[in-house]
Amino acid sequence: MKIMKIMPQEIIARKRDGLALSRAEVEQFVSGVVSGDFKDYQSSALLMAILLKGMTPKETGWLTEAMMRSGRIVELPEITRPKVDKHSTGGVGDKISLILVPLVAACGLCVPMMSGRGLGHTGGTLDKLESIPGFRTDLTDAEYRAQLASLHQAMIGQSADIVPADRKLYSLRDVTGTVESIPLICSSILSKKMAEGIDSLVLDVKCGLGAFMKTEVEARQLAESLVAISTSMGKPTSAILTRMDEPLGHMIGNSLEVIESIDCLKGQGPADLMEVTYALCAEMLILGGIQSAQEGAMIALKSAIDSGAALEGFRSLIEAQGGDGTVVDNYNCLPRAENTKDIFLNNDSLMYVESLDARSFGDAACILGAGRASTDSIIDPAVGIEILKKVGQTIESNEAIARIHYQSVDTLEAAESRLEKAVKLSAEKPVVTSLIIDRISHEKY
């Protein structure tokens with residue numbers, strides 16, 4: 001008996017009215033996105049309806065599985081090391097993946113990482129990597145497998161045949177104001193991760209001014225949904241809740257963040273960035289069975305940096321994917337902006353930096369050209385912002401708070417205006433708290 005398909009507008013209307021979609025309706029939507037039966041305007045309408053009306057856990061699970069099965073699913077039986085990946089929900093200055101992948105690979109894991117591009121004010125791992133001359137993120141399946149077998153690490157983008165539904169929906173969400181939907185975030189993240197051949201997963205779920213989840217309550221809800229869905233699909237998953245009120249580290253912008261990542265692998269990383277990096281790496285080593293407790297994991301991670309093994313692993317990764325490995329020794333081979341300008345505030349005495357609004361810093365970097373305003377925006381890998389003073393530090397009247405790396409005066413003025421409003425100073429020293437809020441384990445699901 002032939003099953004009658006429902007028209008796209010009927011599915012849209014059902015979700016608009018707050019009704020739960022059936023598994024068949026969810027699967028029809030996903031297949032329609034891939035085939036073109038769902039036009040962009042119809043997909044955008046349903047995305048907005050999902051944002052406003054939500055989805056049940058069952059609907060979200062069906063959506064995740066349908067998206068995962070919309071293309072090829074990678075299986076890696078030939079890889080004997082534990083295959084563990086990490087994903088961040090996105091923040092400003094978040095370059096952790098570039099540090100984490102070679103670091104945990106040096107400690108015994110295999111990391112088959114499939115990453116995305118920047119969404120709105122947040123940067124994308126692929127954009128950062130591609131600021132390295134020659135770096136390829138479009139490896140063939142054979143190249144991907146060979147690299148994982150030899151180097152135990154790879155950082156690639158989605159190929160056309162892996163989760164094609166997400167490639168389309170990901171770009172539409174960015175330009176239709178539907179990024180923040182928990183069901184859409186869950187299905188986007190997990191469909192890609194489930195399709196890349198991993199054994200387990202660690203998530204960095206951020207909350208705060210520069211995150212898509214503004215409150216801890218929202219972030220916790222997202223983390224619990226992600227852990228529950230992923231674990232139910234046979235992939236043990238843990239989530240670390242982290243703060244994203246000020247930018248992570250000192251650099252914002254693609255080539256600038258590559259520089260800071262390499263500095264971290266040399267043991268010269270800023271404390272806030274390394275705090276989160278170590279927490280995520282330790283969780284990966286424990287989940288992968290390489291270490292049994294955090295203390296041992298931390299010893300192994302710091303040893304991999306002190307010995308230079310993690311840094312050399314990053315060089316090998318760059319060279320294996322066509323990039324210029326000399327970037328590890330010489331930052332001059334990276335794209336650099338033509339101009340810089342230091343930003344001063346109007347304080348006439350010694351003050352403390354009370355807050356740095358991460359969202360405003362991310363928006364300013366986007367204005368400069370470091371991020372995307374639309375799906376067809378062209379990224380400028382050279383531009384960005386260097387933060388010279390972090391929260392809790394003192395600033396004299398003659399000291400700059402930040403340095404803008406820019407190409408044109410027009411973008412400079414608009415970015416400068418954003419930054420001047422993004423900084424708050426105080427005569428009293430603010431309390432600087434840990435960026436790690438909580439850990440959500442798969443063991444409760």
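Residue numbers start at 1 and run along the sequence shown. It should be emphasised that the depicted structure is a prediction, and the values quoted were computed from it without experimental measurement.
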Quick one: side-chain contact (heavy atoms from CB on, under 4.5 Å) partners of A422, sequence neighbours excluded?
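A422: side-chain contact (heavy atoms from CB on, under 4.5 Å) contacts with D357, S360, F361.
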Minimum-distance pair of heavy atoms, taken over all atoms of [X] and [Y]:
X: S200; Y: P236; result: CB-O, 3.1 Å
X: N398; Y: F344; result: O-CE2, 3.4 Å
X: I198; Y: P112; result: CG2-CG, 3.8 Å
X: Q147; Y: A320; result: OE1-CB, 3.6 Å
X: V205; Y: A219; result: CG1-O, 3.4 Å
X: S434; Y: R243; result: O-NE, 2.8 Å

Checking [X] side chain against [Y] main chain: does a donor-acceptor pair fall under 3.5 Å?
X: K95; Y: L248; answer: yes
X: R403; Y: D342; answer: no
X: T231; Y: V227; answer: yes
X: R136; Y: D138; answer: yes
X: N254; Y: A370; answer: yes
X: S43; Y: D40; answer: no
X: K421; Y: S417; answer: no
X: K390; Y: I387; answer: no
X: K266; Y: V328; answer: yes
X: N347; Y: I395; answer: yes

[Y] and [X], any side-chain heavy atoms less than 4.5 Å apart:
X: R336; Y: Y331; result: yes
X: P183; Y: E59; result: no
X: L203; Y: S238; result: no
X: S97; Y: M113; result: yes
X: Q153; Y: P102; result: yes
X: T242; Y: E275; result: no
X: V84; Y: L201; result: no
X: I252; Y: L256; result: no

Is it the case that over 12 heavy atoms from other parts of the model lie below 6.0 angstrom from the [atom1] atom of [X]?
X: K429; atom1: NZ; answer: no
X: E78; atom1: CD; answer: yes
X: K424; atom1: NZ; answer: no
X: Q294; atom1: CD; answer: no
X: R69; atom1: CZ; answer: no

Would you say [Y] and [X] are linked by a side-chain donor-acceptor pair, where the criterion is simply a distance under 3.5 Å?
X: T137; Y: Q321; value: no
X: T411; Y: S408; value: yes
X: S191; Y: D166; value: no
X: T140; Y: E143; value: yes
X: S230; Y: T237; value: yes
X: E386; Y: H405; value: yes
X: S159; Y: D161; value: yes

Gap between atom [atom2] of [Y] and atom [atom1] of [X] - 0.5 Å precision:
X: I318; Y: D324; atom1: CD1; atom2: CG; result: 8.5 Å
X: L412; Y: L368; atom1: CG; atom2: CG; result: 7.5 Å
X: R173; Y: K168; atom1: CZ; atom2: NZ; result: 14.5 Å
X: E413; Y: I404; atom1: CD; atom2: CD1; result: 10.5 Å
X: I189; Y: D85; atom1: CD1; atom2: CG; result: 11.0 Å
X: I343; Y: E416; atom1: CD1; atom2: CD; result: 4.0 Å

In M284, H152, K86, the residue satisfying side-chain contact (heavy atoms from CB on, under 4.5 Å) with V104 is M284
Name all residues meeting the ring-ring contact (aromatic ring centres under 6.0 Å, His included) criterion together with F38; count only those two or more places apart in sequence or in a different chain, and write none if there are none.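 With neighbours one apart ignored, the set is F29.
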Report the C-alpha distance between Q407 and D380 in whole Å, list the side-chain angles of each, state the deciding distance to 0.1 Å, and finish with yes or no for side-chain hydrogen bond (donor to acceptor under 3.5 Å, both in side chains). CA-CA 9 Å; Q407 308 287 28; D380 185 339; 3.1 Å; yes
query: After noting the C-alpha distance and the side-chain angles of V26 and E65, does the key distance pass the side chain to side chain contact (heavy atoms under 4.5 Å, CB included) rule?
result: CA-CA 10 Å; V26 170; E65 186 171 355; over 6 Å; no
Exactly one of K83, K193, K235 should register a salt bridge (charged side-chain N to carboxylate O under 4.0 Å, His left out) with D199. Which one does?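 Running salt bridge (charged side-chain N to carboxylate O under 4.0 Å, His left out) over K83, K193, K235 with D199 returns exactly one hit, K83.
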Notebook entry, point to check: Any Lys/Arg nitrogen of D306 or K302 sitting under 4.0 Å from an Asp/Glu carboxylate oxygen of the other?
Noted result: no
Before giving the answer on side chain to side chain contact (heavy atoms under 4.5 Å, CB included), spell out for I50 and L46 the whole-Å C-alpha distance, their side-chain angles and the decisive distance to 0.1 Å.
-> CA-CA 6 Å; I50 291 171; L46 186 52; 4.1 Å; yes
Quick one, K214 with L209, criterion side chain to side chain contact (heavy atoms under 4.5 Å, CB included). Give me CA distance, side-chain angles, the key distance, then yes/no. CA-CA 6 Å; K214 303 304 179 190; L209 296 173; 6.0 Å; no
>> Quick check with a 6.0 Å cut-off and a 45 degree axis cone: is K128 positioned over the face of F135's six-membered ring?
In response: no
Verdict with reasoning, K206 to M213, per side chain to side chain contact (heavy atoms under 4.5 Å, CB included) = CA-CA 7 Å; K206 298 185 179 297; M213 300 294 108; over 6 Å; no
